[in-house]
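Here is the naming used below: chain letters follow the sequence lines, and residue numbers restart at 1 for every chain.
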2 protein chains.
Amino acid sequence: MMVSTKGRYALTVMVDLARNCGDGYVSLSDIAERENLSMKYLESIISILNKGGMLNSLRGKNGGYRLAREPRDYNINEILLLTEGTLAPVNCIMQDGVQCDKAATCSTLPLWAGLDKAIENYLSAITLEDIIEGNRKKLLGDYCESCGPADSGN
Amino acid sequence: MMVSTKGRYALTVMVDLARNCGDGYVSLSDIAERENLSMKYLESIISILNKGGMLNSLRGKNGGYRLAREPRDYNINEILLLTEGTLAPVNCIMQDGVQCDKAATCSTLPLWAGLDKAIENYLSAITLEDIIEGNRKKLLGDYCESCGPADSGN
DNA sequence: GACAAATCCTACTCTTTTGGTAGGAATATG
DNA sequence: CATATTCCTACCAAAAGAGTAGGATTTGTC
């Protein structure tokens with residue numbers, strides 16, 4: 001599994017906030033209840049998002065969190081990168097440019113590099129807005145069977 | 001990390017066999033030495049490949065393994081799928097069609113499904129032959145900076 | 001000023017996965 | 001029959017994953 005619950009729940013939280021933006025600050029307990037997830041666990045996850053500048057927070061009564069930008073201005077790659085640390089499919093792809101000592105002669109490395117790029121490419125093209133709007137064409141691309149002209153709306 | 005050493009080493013073994021095909025059976029100790037990997041560990045990995053019908057094997061002296069098909073007839077997706085069990089980026093994407101009970105209303109599921117497809121799509125299009133030939137255009141696609149006309153050969 | 005509701009922070013823990021190792025049985029060749 | 005090989009089962013230590021626990025701090029309201 002490339003993405004753990006940490007990244008998955010982080011995205012869930014971001015989507016939840018995107019849906020409820022404009023209503024001031026949203027408390028974590030509300031999110032946890034709506035999404036049916038452990039509030040204590042979400043706490044540690046939302047803290048990463050907050051420190052990473054994805055959110056604004058307010059302590060105390062009526063406090064909570066809200067998105068720092070518009071939903072369309074977040075791409076999924078940055079959200080997952082922040083929470084997961086890396087999305088590299090194998091650990092011989094380093095995010096900071098450091099390389100395995102066999103890299104120069106490794107014949108499988110280009111495959112992993114290509115896979116890494118394919119993943120990044122996909123995730124970078126999707127925004128939070130695409131998700132809340134259920135933009136199936138963009139999310140599922142050519143693979144989406146129900147994206148034809150007969151489909152309703154999106 | 002989506003792909004563990006198991007899948008990575010499996011691919012390394014397959015590439016090694018592809019490079020040395022035609023020379024009869026190749027012993028595991030030869031592969032382990034060439035690739036500088038633990039023979040004992042490779043044993044457990046090559047056993048998966050063998051049982052999955054990817055290889056032919058011969059016991060006893062002068063025995064070993066060889067590819068069951070031509071390098072061009074293996075795609076990377078099937079090799080990794082066999083050794084890793086699944087390549088799904090999150091565990092809410094089930095390979096056997098079983099779904100999470102929230103699937104119908106989950107707004108993030110299409111993203112994970114799309115990512116899963118993007119990965120499968122990439123890996124299915126690459127063959128063992130592409131790797132041994134170092135087909136950078138196919139492996140790295142549009143992201144390959146050295147694939148331009150100025151590049152040598154491929 | 002007390003209280004309640006919220007974020008913030010540190011530490012702990014249980015389970016599963018990963019990445020192997022060890023030892024020997026079965027089999028084919030010379 | 002000796003040797004080189006695959007095959008098979010079991011074991012193990014370290015790391016990662018998935019949370020829990022408990023409390024300190026801050027802020028709005030009565």
Side-chain angles (χ1 to χ4, degrees), chain A residues 1-13 17 20 23-33 35-66 68 80 83-92, chain B residues 1-13 17 20 23-33 35-66 68 80 83-92:
Chain A
M1 235 52 67
M2 185 176 64
V3 179
S4 65
T5 53
K6 202 151 80 172
R8 252 172 60 212
Y9 293 175
L11 181 57
T12 299
V13 164
L17 285 171
N20 297 281
D23 302 315
Y25 289 89
V26 178
S27 83
L28 191 51
S29 58
D30 283 359
I31 300 176
E33 194 172 5
E35 307 296 340
N36 197 29
L37 296 171
S38 152
M39 175 177 156
K40 270 298 187 183
Y41 190 32
L42 282 193
E43 212 179 285
S44 63
I45 293 167
I46 210 166
S47 144
I48 302 173
L49 293 169
N50 192 27
K51 284 179 185 165
M54 298 269 169
L55 306 175
N56 297 137
S57 69
L58 184 67
R59 292 176 131 194
K61 196 158 185 171
N62 296 329
Y65 302 90
R66 68 180 178 199
L80 295 181
T83 45
E84 293 288 320
T86 175
L87 292 173
V90 292
N91 64 10
C92 43
Chain B
M1 235 53 67
M2 186 176 64
V3 178
S4 65
T5 54
K6 200 152 81 173
R8 252 173 58 214
Y9 293 175
L11 181 58
T12 298
V13 165
L17 284 171
N20 297 281
D23 303 315
Y25 289 89
V26 178
S27 83
L28 191 51
S29 57
D30 283 359
I31 301 176
E33 194 171 5
E35 307 297 338
N36 197 28
L37 297 171
S38 151
M39 175 177 156
K40 270 300 190 183
Y41 188 34
L42 281 193
E43 213 180 284
S44 64
I45 292 167
I46 208 166
S47 145
I48 301 173
L49 293 168
N50 193 26
K51 284 179 185 164
M54 298 269 170
L55 306 175
N56 297 136
S57 69
L58 184 67
R59 291 174 134 194
K61 197 158 183 173
N62 297 326
Y65 303 90
R66 69 180 177 198
L80 295 180
T83 45
E84 292 288 320
T86 175
L87 293 173
V90 291
N91 65 8
C92 44

Student: Rounded off to whole Å, could you give me the CG-to-P distance for the A:Leu37 and D:dT20 pair?
Tutor: 11 Å
Student: Got a sec, which pairs hit salt bridge (Lys or Arg N to Asp or Glu O under 4.0 Å) with one end in residues 35-57 of chain A, sequence neighbours left out?
Tutor: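 Listed by first then second residue: A:Lys40-A:Glu43.
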Student: Between C1' on D:dC11 and NZ on B:Lys40, what's the gap in Å once rounded to a whole number?
Tutor: 13 Å
Student: Look up atom CG in B:Leu28 and atom CD1 in B:Ile45, then write down how far apart they are to the nearest 0.5 Å.
Tutor: 9.5 Å
Student: By side chain to side chain contact (heavy atoms under 4.5 Å, CB included), which residues pair with A:Ser44, not counting sequence neighbours?
Tutor: A:Tyr41
Student: With A:Asn56, which residues qualify under side chain to side chain donor-acceptor pair (under 3.5 Å), at least two apart?
Tutor: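 For A:Asn56 there are no side chain to side chain donor-acceptor pair (under 3.5 Å) partners, ignoring immediate neighbours.
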Student: Send over the distance from B:Leu49 CG to D:dT6 C1', rounded to a whole Å.
Tutor: 14 Å
Student: Sequence neighbours excluded, which residues qualify as side chain to side chain donor-acceptor pair (under 3.5 Å) partners of A:Ser29?
Tutor: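 A:Ser29 satisfies side chain to side chain donor-acceptor pair (under 3.5 Å) with A:Ser27 once adjacent residues are dropped.
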Student: Taking only residues two or more places apart in sequence or in another chain, which ones pass side chain to side chain contact (heavy atoms under 4.5 Å, CB included) with B:Asn50?
Tutor: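 Result, side chain to side chain contact (heavy atoms under 4.5 Å, CB included) vs B:Asn50: B:Leu55, B:Ser57, B:Tyr65.
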Student: May I have the distance from B:Ile45 (atom CD1) to D:dT6 (atom P), rounded to whole angstrom?
Tutor: 14 Å
Student: Once you build an axis from the first five pairs and another from the last five of the helix from C:dG1-D:dC30 to C:dG30-D:dC1, how far apart in angle are they, to 10 degrees?
Tutor: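 Its terminal axes enclose an angle near 10°.
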Student: What is the distance from atom CG of A:Leu42 to atom CG of A:Leu49, rounded to the nearest 0.5 Å?
Tutor: 10.0 Å
Student: Going by side chain to side chain donor-acceptor pair (under 3.5 Å), name the residues that satisfy it together with B:Asn91, two or more places apart in sequence or in a different chain.
Tutor: A:Arg8
Student: Write down the protein N/O and nucleotide N/O pairs, taken from nucleotides 1-7 of chain C, whose separation is under 3.5 Å; answer none if there are no such pairs.
Tutor:
unit_1	atom_1	unit_2	atom_2	d
C:dT7	OP1	A:Leu28	N	2.7

Student: Considering residues at least two apart in sequence or located in another chain, which fulfil the side chain to side chain donor-acceptor pair (under 3.5 Å) criterion with A:Ser4?
Tutor: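 Per chain and number, A:Ser4 pairs via side chain to side chain donor-acceptor pair (under 3.5 Å) with A:Glu84.
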Student: According to ring pair (Phe, Tyr, Trp, His ring centres under 6.0 Å), who are the partners of A:Tyr25, at least two apart in sequence or on a separate chain?
Tutor: none
Student: Here's a test of your reading of the structure: between B:Ser44 and A:Ile46, which maps to the more 5' nucleotide of DNA chain C?
Tutor: A:Ile46
Student: Any salt bridge (Lys or Arg N to Asp or Glu O under 4.0 Å) involving residues 24-33 of chain A? Give me the pairs, sequence neighbours left out, ordered by first then second residue.
Tutor: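 Salt bridge (Lys or Arg N to Asp or Glu O under 4.0 Å) check on residues 24-33 of chain A returns no pairs.
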Student: Provide, to the nearest angstrom, the distance between the OH atom belonging to A:Tyr25 and the P atom belonging to D:dT26.
Tutor: 17 Å
Student: Listing time: all N or O pairs from protein to nucleotides 17-19 of chain C that are below 3.5 Å?
Tutor:
unit_1	atom_1	unit_2	atom_2	d
C:dG19	OP2	B:Thr5	N	2.9
C:dG19	OP2	B:Thr5	OG1	2.9
C:dG19	O5'	B:Thr5	OG1	3.4

